[in-house]
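Below: the structure, in structure tokens.
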Amino acid sequence: MSAANTSSIAQVAPQKNEFQDCLQCRVVGTATFAGLGIYSFMQARRATPGSLWEKRIAVALGAGAYAADFFMGNH
């Protein structure tokens, strides 16, 4: 390799492959995950029929949806 080739390669800046969502996509995604979290927490209420494990699964899904909502909004 010649000196001219190595200097031109060194001058190329690395490209960022970071994906940016549009505002509408972020709003719809945030509303979807927030709604899923609220629905899951409502299904885990004490008055709702079901076993204790079903309620725990609903709470875990609700917490996961809220976490996804938080991380998607702060991405």
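In this structure, L36 is not a member of the same hydrophobic cluster as V28, with clusters built from ILVMFWY side-chain heavy atoms closer than 4.5 Å. Clustering ILVMFWY residues whenever any of their side-chain heavy atoms sit less than 4.5 angstrom apart, transitively, puts M42 in the very cluster that holds Y66.
The CZ atom of F41 lies 10.0 Å from the CG atom of L61; values are rounded to the nearest 0.5 Å.
Here the closest heavy-atom approach between residue A65 and residue G37 is recorded as CB-N, 3.7 Å. Of all non-hydrogen atoms in A58 and S40, the two that sit nearest each other are O-CB, 3.2 Å.
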